[in-house]
Enquirer: 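To start, I am sharing the structure in question, which I have written as structure tokens.
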Amino acid sequence: MTHTSVADLLAGKHQVGEQVTVKGWIRTRRDSKAGISFLAVHDGSCFNPIQAVVPNKLNNYDNEILRLTAGCSVAITGNLVESQGKGQSFEIQADEVTVIGWVENPDSYPMAAKRHSIEYLREYAHLRPRTNVIGAITRVRNCLSQALHRFFHEQGFYWISTPIITASDCEGAGEMFRVSTLDFANLPRTENGAVDFSDDFFGKEAFLTVSGQLNVETYACALSKVYTFGPTFRAENSNTSRHLAEFWMVEPEIAFANLDDAAELAEKMLKYVFKAVLDERRDDMEFFAQRIQKDAITRLESFISQDFAQVDYTDAIDILIQSGRKFEYPVQWGIDMSSEHERYLAEEHFKSPVVVKNYPKDIKAFYMRMNEDGNTVAAMDVLAPGIGEIIGGSQREERLDVLDARLSEMNLNQEDYSWYRDLRRYGTVPHSGFGLGFDRLVTYVTGMQNIRDVIPFPRAPRLADY
RNA sequence: UCCCCAGUAGCUCAGUUGGUUAGAGCGGUGGACUGUUAAUCCAUGUGUCGUUGGUUCGAAUCCAACCUGGGGAGCCA
């Protein structure tokens, strides 16, 4: 490339006096009657734009420079100098400014250099990446994503690409999107009138995955430490600031590991990626702390320095009952805790991230390992102050007879789980894992209120534009 | 999906207890000023008042349905 990133220039990676070229978009223009204009140019490489000082002696000064508005794309060549003004260390003394793309009708350019509501920005998913806030989110999201891969790599995990299309509807975690090439206007029918999916692309019904867990267990039972990181789909008609129809999930799975091993991994993983963000995206985090959520940085710092609290579900229920707090939903052993209960535990009682373990079997999935007591399973949720459940996981049932008993108890067919059962028939091992909603993690780190703002192109009920 | 709230200029909002010509700030534009920091100062334009029906002599204002957004709940990651 023949040009330099704004990040490198501001980080001092180039010598003062060096001739440099930056390419980017105008954020603001300020004119001085001293015969110069100041251009703030951003290229996405870091939070801050670089300032270019443009003298009026340039031959396109009157007819082009003075017409520049927010959003115009430019190439600027000049000397890197120490700034004479306050607010930045370096700036470019421009010798040449080439306008690459004009903004037609600046009056109605949707990303005007002014404060916009986050809901407004959402309506311009194609232009909002140019804003401070979406740019910062994008860099933090990338940082978290890279840090997760780096963490698992350093821990000896393999990244497994589990399928996005699944032909087994036995995943059992909510509504699924159908995948089909059938002509809806002319569906093939069987003799009794049902849709004949044997004519469909896969020869049977197919869906978008709701979890890679069952698939990734097969690789855990061979390569020991593995994880998935990919898109996941849920077709529930869920309209909240925490839900997406298409989201990204991280699901580590480890062999020869019990529930405590999974909890320990979850804690190490979260602390690792939070530290990475604080180290690598300080500029963006400072923006979040300043404009989005005051304690954006300090709560990550305290998250990293604290040990996670650990509590059994049964004890957690006692804590809730003895709190004297009046909850909207009454507390008793056996309930699936609601947001208010989880928030009380993390935010008020423990005042730290807390791992709740060993839930009643009746509110958990068939694959979770039955405990000695016969009433609870080795499941865990990690609850974080300010967000609630951020991770859900379990030790998996590795005993075939117990698994089969659970399947029939829940009216599930053994045949539908034949390959899953095979793992228990051939060299079964205790293994554990958990799932982390990646977009929720980004929400937590940035302090953004709505998950639709931390993913580039959100998908939700009646929302699939762009 | 359920409950509550909102939908007025490019954007953020004020306003109208139903009645002739609907306002402000920001942004844009023009100018002043300045090594400036979405700077400051002056000037300036802009509106099917979410959509569709209904009530009424008359609706942006009242009513209904719908759409969109927000807050909360359920479901969940």
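Residue numbers begin at 1 in each chain, while the letters A, B, ... track the order of the sequences.
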Enquirer: From B:rA73, B:rU37, B:rC76, pick the nucleotide closest to the side chain of A:Tyr329?
Expert: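 That would be B:rA73.
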Enquirer: Among the nucleotides B:rU36, B:rG72, B:rC76, which one has an atom lying closest to any side-chain atom of A:Ser339?
Expert: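 Looking only at side-chain atoms, A:Ser339 lies closest to B:rC76.
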Enquirer: Counting side-chain heavy atoms from CB outward, which of B:rA73, B:rC76, B:rG71 is closest to A:Ser241?
Expert: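 Closest nucleotide among those given: B:rG71.
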Enquirer: Just the rounded figure in Å: distance from C1' of B:rU1 to CG of A:Asn237.
Expert: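 In whole Å, B:rU1 C1' lies 6 Å from A:Asn237 CG.
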Enquirer: What is the distance from CD of A:Glu236 to P of B:rG74, rounded to the nearest Å?
Expert: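 That distance rounds to 14 Å.
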Enquirer: Can you say whether the rings of A:Phe47 and A:Phe287 are parallel (under 30°), tilted (30 to 60°) or perpendicular (over 60°)?
Expert: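 The rings of A:Phe47 and A:Phe287 sit tilted, inter-plane angle from 30° to 60°.
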Enquirer: Using nucleotides 27-33 of chain B, report all nitrogen or oxygen pairs with the protein that are shorter than 3.5 Å.
Expert:
| unit_1 | atom_1 | unit_2 | atom_2 | d |
| --- | --- | --- | --- | --- |
| B:rG27 | N2 | A:Asp107 | OD1 | 2.4 |

Enquirer: If every non-hydrogen atom of A:Asp31 is compared with every non-hydrogen atom of A:Ser37, which pair is closest and at what distance?
Expert: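 For A:Asp31 and A:Ser37, the tightest heavy-atom pair comes out as OD1-OG, 2.6 Å.
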Enquirer: Is there a donor and acceptor pair, one atom on the side chain of A:Glu91 and one on the base of B:rG35, closer than 3.5 Å?
Expert: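 By the distance-only test, yes, there is a pair.
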Enquirer: Is the number of heavy atoms from other residues, nucleotides or ligands within 6.0 Å of NE2 (A:His153) greater than 12?
Expert: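 Counting other residues, nucleotides and ligands, NE2 of A:His153 stays at 12 neighbours or fewer.
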Enquirer: What integer distance in Å separates A:Gln51:CD from B:rA39:P?
Expert: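 My rounded result for the distance is 12 Å.
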Enquirer: Would you please classify the geometry between the A:Phe327 ring and the A:His341 ring as parallel, tilted or perpendicular, with 30° and 60° separating the classes?
Expert: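 Plane angle over 60°, so perpendicular.
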Enquirer: Any donor-acceptor pair, under 3.5 Å, between the side chain of A:Ser238 and the base of B:rC75, if you only look at N and O atoms?
Expert: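 Result: at least one qualifying N/O pair found.
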Enquirer: Taking side chain to side chain contact (heavy atoms under 4.5 Å, CB included) as the definition, give me every residue that meets it alongside A:Pro456, ordered by chain and number, with sequence neighbours left out.
Expert: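 For A:Pro456, the residues satisfying side chain to side chain contact (heavy atoms under 4.5 Å, CB included) (neighbours in sequence not counted) are A:Arg141.
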Enquirer: Tell me whether the side-chain N/O atoms of A:Ser338 come closer than 4.0 Å to OP1 or OP2 in B:rG74.
Expert: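 So the side-chain polar atoms of A:Ser338 do come within 4.0 Å of the phosphate oxygens OP1 or OP2 of B:rG74, strictly under.
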Enquirer: For A:Met448 and B:rG70, give me the distance from atom CE to atom C1', rounded to whole Å.
Expert: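 Going from A:Met448 (CE) to B:rG70 (C1'), I get 14 Å.
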Enquirer: What base-paired stems does RNA chain B take part in, with at least 3 consecutive Watson-Crick or G-U wobble pairs and both distances under 3.5 Å?
Expert: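 The stems are B:1-7 with B:67-73, B:10-13 with B:23-26, B:28-32 with B:40-44, B:50-54 with B:62-66.
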Enquirer: Which label fits A:Tyr124 and A:Tyr120: parallel for a plane angle under 30°, tilted from 30 to 60°, or perpendicular past 60°?
Expert: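 It falls in the tilted class, 30° to 60°.
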Enquirer: Scan residues 3-20 of chain A for pairs that pass salt bridge (charged side-chain N to carboxylate O under 4.0 Å, His left out), counting only residues two or more places apart or in two chains.
Expert: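 Those involving residues 3-20 of chain A are A:Asp8-A:Lys13.
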Enquirer: Decide ring pair (Phe, Tyr, Trp, His ring centres under 6.0 Å) for A:Phe438 and A:Phe229; before the verdict, give the C-alpha distance in whole Å, the side-chain angles of both, and the deciding distance to 0.1 Å.
Expert: CA-CA 9 Å; A:Phe438 179 66; A:Phe229 188 1; 5.0 Å; yes
Enquirer: Using the P atoms only, state how far B:rC2 lies from B:rG58, rounded to an integer number of Å.
Expert: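 Approximately 35 Å lies between the P atom of B:rG58 and that of B:rC2.
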Enquirer: What interatomic distance, in whole Å, is found between P of B:rG74 and the corresponding atom of B:rC3?
Expert: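 Taking atom P in both B:rC3 and B:rG74, they lie 16 Å apart.
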Enquirer: Any salt bridge between A:Arg396 and A:Glu253, counting N to O under 4.0 Å?
Expert: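 Yes, this pair counts.
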Enquirer: For A:Leu244, answer base if it contacts any base atom (sugar-phosphate contacts may also be present), sugar-phosphate if it contacts only those atoms, and nothing otherwise; contact means non-hydrogen atoms under 4.0 Å.
Expert: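 Result for A:Leu244 = base.
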Enquirer: If you measure from the C1' atom in B:rA6 to the same atom in B:rU61, how many Å do you get, rounded?
Expert: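 Approximately 16 Å lies between the C1' atom of B:rA6 and that of B:rU61.
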Enquirer: Does the pair A:Glu340/A:Arg343 count as a salt bridge with the N-to-O cut at 4.0 Å?
Expert: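 Answer for the salt bridge query: no.
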Enquirer: So what does A:Arg291 touch, heavy atoms closer than 4.0 Å: a base, only the sugar-phosphate, or nothing?
Expert: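 Result for A:Arg291 = base.
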Enquirer: Are the side chains of A:Thr228 and A:Ser161 in touch, meaning some heavy atoms are under 4.5 Å apart?
Expert: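 No - every pair of side-chain heavy atoms lies 4.5 Å or more apart.
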Enquirer: Is it the case that the base of B:rC11 and the side chain of A:His116 share a donor-acceptor contact (distance under 3.5 Å, atom types as modelled)?
Expert: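 Per atom types, no contact qualifies.
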Enquirer: I'd like a list of close polar pairs between nucleotides 2-4 of chain B and the protein, N/O only, cut-off under 3.5 Å.
Expert:
none

Enquirer: Give the rounded distance in Å between these two atoms: CG of A:Leu39 and P of B:rU37.
Expert: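 Value for this atom pair: 15 Å.
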Enquirer: So which protein nitrogen or oxygen atoms get under 3.5 Å of nucleotides 66-69 of chain B's nitrogens or oxygens?
Expert:
| unit_1 | atom_1 | unit_2 | atom_2 | d |
| --- | --- | --- | --- | --- |
| B:rU68 | OP1 | A:Arg462 | NE | 3.2 |
| B:rU68 | OP2 | A:Arg462 | NE | 3.3 |
| B:rG69 | O3' | A:Arg122 | NH1 | 3.4 |

Enquirer: Assess, by modelled atom type and distance only, whether the side chains of A:Arg27 and A:Asn132 contain a donor and an acceptor separated by less than 3.5 Å.
Expert: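 Yes.
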Enquirer: I'd like the C1' distance from B:rA9 over to B:rG23, given in whole Å.
Expert: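 These two C1' atoms come out 10 Å apart once rounded.
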Enquirer: Which sits closer to the 5' end of RNA chain B, A:Gln88 or A:Phe438, going by the nucleotide each is nearest to?
Expert: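 Nearer the 5' end of the strand: A:Gln88.
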Enquirer: Take the protein atom CD of A:Gln290 and the nucleotide atom C1' of B:rA38, then report the distance between them rounded to whole Å.
Expert: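 Answer to the nearest Å: 13 Å.
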Enquirer: Using atom OH of A:Tyr120 as one end and atom P of B:rG70 as the other, report the distance to the nearest whole Å.
Expert: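 Whole-Å distance recorded here is 16 Å.
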Enquirer: What integer number of Å spans the P atoms of B:rG19 and B:rC63?
Expert: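 Here B:rG19 and B:rC63 have their P atoms 15 Å from each other.
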Enquirer: Tell me whether A:Lys271 is salt-bridged to A:Glu267, with the criterion being a basic N under 4.0 Å from an acidic carboxylate O.
Expert: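 A salt bridge links A:Lys271 with A:Glu267.
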Enquirer: Using the C1' atom as the reference point in each nucleotide, state the distance between B:rA24 and B:rG47 in Å, no decimals.
Expert: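 My reading of the C1' atoms in B:rA24 and B:rG47 gives 14 Å.
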Enquirer: Indicate yes or no: does A:Asp43 engage A:Lys23 in a salt bridge with an N to O separation below 4.0 Å.
Expert: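 No, A:Asp43 and A:Lys23 are not salt-bridged.
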Enquirer: Ion pair present between A:Arg139 and A:Asp284, side-chain N to carboxylate O less than 4.0 angstrom?
Expert: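 Counted as a salt bridge, because a side-chain N and a carboxylate O are separated by less than 4.0 Å.
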Enquirer: A:Asp336 side chain: which of B:rG35, B:rA38, B:rC76 is closest?
Expert: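 It is B:rC76.
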Enquirer: Hey, can you tell me if A:Phe308 and A:Phe303 have their rings parallel, tilted or perpendicular (30° and 60° cut-offs)?
Expert: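 Aromatic pair A:Phe308/A:Phe303 classed perpendicular.
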Enquirer: Distance check, P atoms only: B:rU40 and B:rC62, in whole angstrom units.
Expert: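 Pairwise P distance, B:rU40 against B:rC62, rounds to 38 Å.
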Enquirer: When you match A:Ser83 and A:Glu328 each to their closest nucleotide on RNA chain B, which lands nearer the 5' end?
Expert: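 On the 5' side of the pair lies A:Ser83.
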Enquirer: Should the pair A:Tyr227 and A:Trp159 be assigned to parallel (<30°), tilted (30 to 60°) or perpendicular (>60°) ring geometry?
Expert: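 Answer is parallel, since the angle falls under 30°.
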Enquirer: In this structure, how many angstroms lie between the C1' atom of B:rG74 and the CD1 atom of A:Ile335, rounded?
Expert: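 Taking atom C1' of B:rG74 as the reference, CD1 of A:Ile335 is at 14 Å.
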Enquirer: Select base, sugar-phosphate, or nothing to describe what A:Glu246 touches, counting heavy atoms under 4.0 Å on all strands.
Expert: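 No contact at all - A:Glu246 keeps every heavy atom at 4.0 Å or more from the nucleic acid.
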Enquirer: What's the gap between B:rA14 and B:rC49 when it is taken at their C1' atoms, as a whole Å value?
Expert: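 It comes out at 13 Å once rounded to the nearest Å.
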